[in-house]
Protein chains: 2
Amino acid sequence: MTETWTDHVLARMRSETGRSGNARRRVVEFLGRQDCCVSAQEIHDGVRGAGSRIGVASVYRALEGLDELGLVQRVDLGDGTSRFERIDPRGDHHHHLVCDDCGKVEPFEDLALEEALERVAGGRGYEVAAHDVFLRGACGDCRAA
Amino acid sequence: MTETWTDHVLARMRSETGRSGNARRRVVEFLGRQDCCVSAQEIHDGVRGAGSRIGVASVYRALEGLDELGLVQRVDLGDGTSRFERIDPRGDHHHHLVCDDCGKVEPFEDLALEEALERVAGGRGYEVAAHDVFLRGACGDCRAA
DNA sequence: ACCTCAATGAGAACGGGTATCATTATCGTC
DNA sequence: GACGATAATGATACCCGTTCTCATTGAGGT
């Protein structure tokens, strides 16, 4: 499944631009291995750590392209840095719980929440392209500590 | 009601710090006049436009203090700048619809949405302190254009 | 192998937000 | 009302994530 997303995206980008560079492939492969959102820095470090001399600009360029194609989602948790995560080809998506203490980020899904969001959007004359939801507070571990 | 929030906050800050400066008062008064979120720049420009030589740092300091006291809410729409809006003393709060085309931001409320959020938080062991929701898309005007 | 041009990487530039620090102004005290 | 202690303020330097610039590289077609 992880491989599926990665392969799907690489094929898509190739057919889209006609070219295929090394930097983009590394970014896509890295994102394919993540289960939740990561920052551009983390991607940069991760890829570099694996031995590729990739530039920051290329990371942002790759992410921008992926975003435009709807293959990746920008996640902004309000800490001044953007994070990115792959979009499940089956349309599933999740939101985020953020711990104010330890900074941990974990995903969650909720059907009733999605339905409520649909309803709001519909009743407002808005053509909604995306929605973001995140809850912040103290996670179980930090409450115990 | 606008005056109510402003007065309430000024009194609260005064009792909290024991001091009352000009910059903070101007920021609070400005926020009291807004119906939806504004950026720190907008506050700075707005107050300066009214003739007060206020510094950017003071705006951020005031906002930080108001945030800590729970009198103001940070709103991050993912465009790289934070916005702020006053918190209704009665506990009401709203979320935001953002138009990707014209950048317009408008508030909305939805009870079912709030209930769904409560439920998610409760079932996760999280002590949730705040939640953010925003929908982005094309507003009625931009769809017509 | 060669040519064309998109893709890349290094580093400069940009901008929101924060930290620093000398100056100002508020409040309690006399 | 003047005075002293000290919080608040404003100008500016700084930090860091992101974007821009541009010379170089390398992929794909011929």
Side-chain angles (χ1 to χ4, degrees), chain A residues 9-30 37-69 72-84 103 105, chain B residues 9-30 37-69 72-84 103 105:
Chain A
V9 170
L10 288 176
R12 176 79 186 283
M13 296 200 81
R14 193 187 175 79
S15 77
E16 202 74 33
T17 66
R19 295 277 176 110
S20 140
N22 189 51
R24 252 187 327 222
R25 177 150 21 86
R26 291 292 154 79
V27 170
V28 171
E29 287 169 355
F30 185 87
C37 53
V38 289
S39 69
Q41 276 304 326
E42 287 170 327
I43 297 172
H44 187 226
D45 294 346
V47 173
R48 287 215 140 198
S52 292
R53 218 191 333 287
I54 185 183
V56 207
S58 295
V59 174
Y60 284 104
R61 272 188 297 246
L63 291 170
E64 186 187 350
L66 291 167
D67 189 24
E68 281 170 8
L69 294 175
V72 117
Q73 189 194 357
R74 261 193 139 84
V75 177
D76 206 302
L77 303 178
D79 65 343
T81 78
S82 294
R83 285 146 209 273
F84 303 83
V105 178
Chain B
V9 170
L10 288 176
R12 177 78 185 283
M13 295 199 83
R14 191 187 175 79
S15 77
E16 202 73 33
T17 66
R19 294 276 177 111
S20 140
N22 190 51
R24 256 190 322 224
R25 177 151 21 86
R26 291 291 153 80
V27 170
V28 170
E29 287 169 354
F30 185 87
C37 52
V38 288
S39 68
Q41 275 305 325
E42 287 171 327
I43 297 171
H44 186 225
D45 294 346
V47 173
R48 289 215 138 197
S52 292
R53 215 187 341 282
I54 185 183
V56 208
S58 295
V59 174
Y60 284 104
R61 272 187 297 245
L63 291 170
E64 185 187 351
L66 290 167
D67 189 24
E68 280 169 9
L69 293 176
V72 118
Q73 188 194 357
R74 260 193 140 86
V75 177
D76 207 305
L77 303 178
D79 65 343
T81 78
S82 294
R83 287 145 208 273
F84 303 82
V105 178

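Worth knowing before you read on, the calculation uses all heavy atoms, side chains too, and leaves out hydrogens, waters and symmetry mates.
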Nearest-angstrom distance from the residue atom CG of A:N22 to P of C:dT8: 8 Å
Sugar-phosphate, base or nothing in reach of A:R48, heavy atoms under 4.0 Å: sugar-phosphate
Between CZ on residue B:R12 and CG on residue B:L69, distance to nearest 0.5 Å: 5.0 Å
Pair of N/O donor and acceptor under 3.5 Å linking D:dG28 base with A:R14 side chain: no
Length of the line joining A:E64:CD and C:dA7:P, which is rounded to integer Å: 12 Å
For the student: nearest non-hydrogen atoms of B:S39 and B:T81, plus distance: CB-OG1, 4.5 Å
Side chain proximity check, B:R25 to B:N22, heavy atoms < 4.5 angstrom: yes
Length of the CG-P vector between B:D79 and D:dT19, whole Å: 12 Å
Sugar-phosphate only, base, or nothing, as touched by A:S39 at under 4.0 Å among non-hydrogen atoms: nothing
Sugar-phosphate only, base, or nothing, as touched by B:S58 at under 4.0 Å among non-hydrogen atoms: base
Contact check, side chains of B:R24 and B:L66, non-hydrogen atoms, under 4.5 Å: no
CA sep, side-chain torsions, deciding dist, call: A:R74, A:F84, side chain to side chain contact (heavy atoms under 4.5 Å, CB included): CA-CA 5 Å; A:R74 261 193 139 84; A:F84 303 83; 3.6 Å; yes
Nucleotide nearest B:T17 (side chain, heavy atoms from C-beta), chosen from C:dA7, C:dG16, D:dA8: D:dA8
Short side-chain N/O contact to D:dT19 OP1/OP2 from A:Y60, under 4.0 Å: no
Closest-nucleotide 5' rank along DNA chain C - winner of B:R25 and A:V56: A:V56
B:R19 or B:V59, whichever maps to the more 5' nucleotide of DNA chain D: B:R19
Side chain of A:R74 - closest among C:dT8, D:dT19, D:dA11: D:dT19
Touch class at under 4.0 angstrom, heavy-atom based, for A:A57 against every strand present: base
Nucleotide C:dA6, atom P - distance to CD of A:E16 in whole Å: 15 Å
Atom-to-atom span, CZ of A:R24 to C1' of C:dG9 - whole angstrom: 14 Å
Euclidean distance, atom CD1 of residue A:I43 to atom P of C:dT8 [Å, nearest integer]: 14 Å
Given D:dG17, D:dG28, C:dG17, the nucleotide with the shortest approach to the side chain of B:T81: C:dG17
Separation of atom CD1 in B:I54 from atom P in D:dG10, rounded to whole Å: 6 Å
Rounded distance (Å) that lies between atom C1' of D:dT25 and atom CZ of A:R61: 12 Å
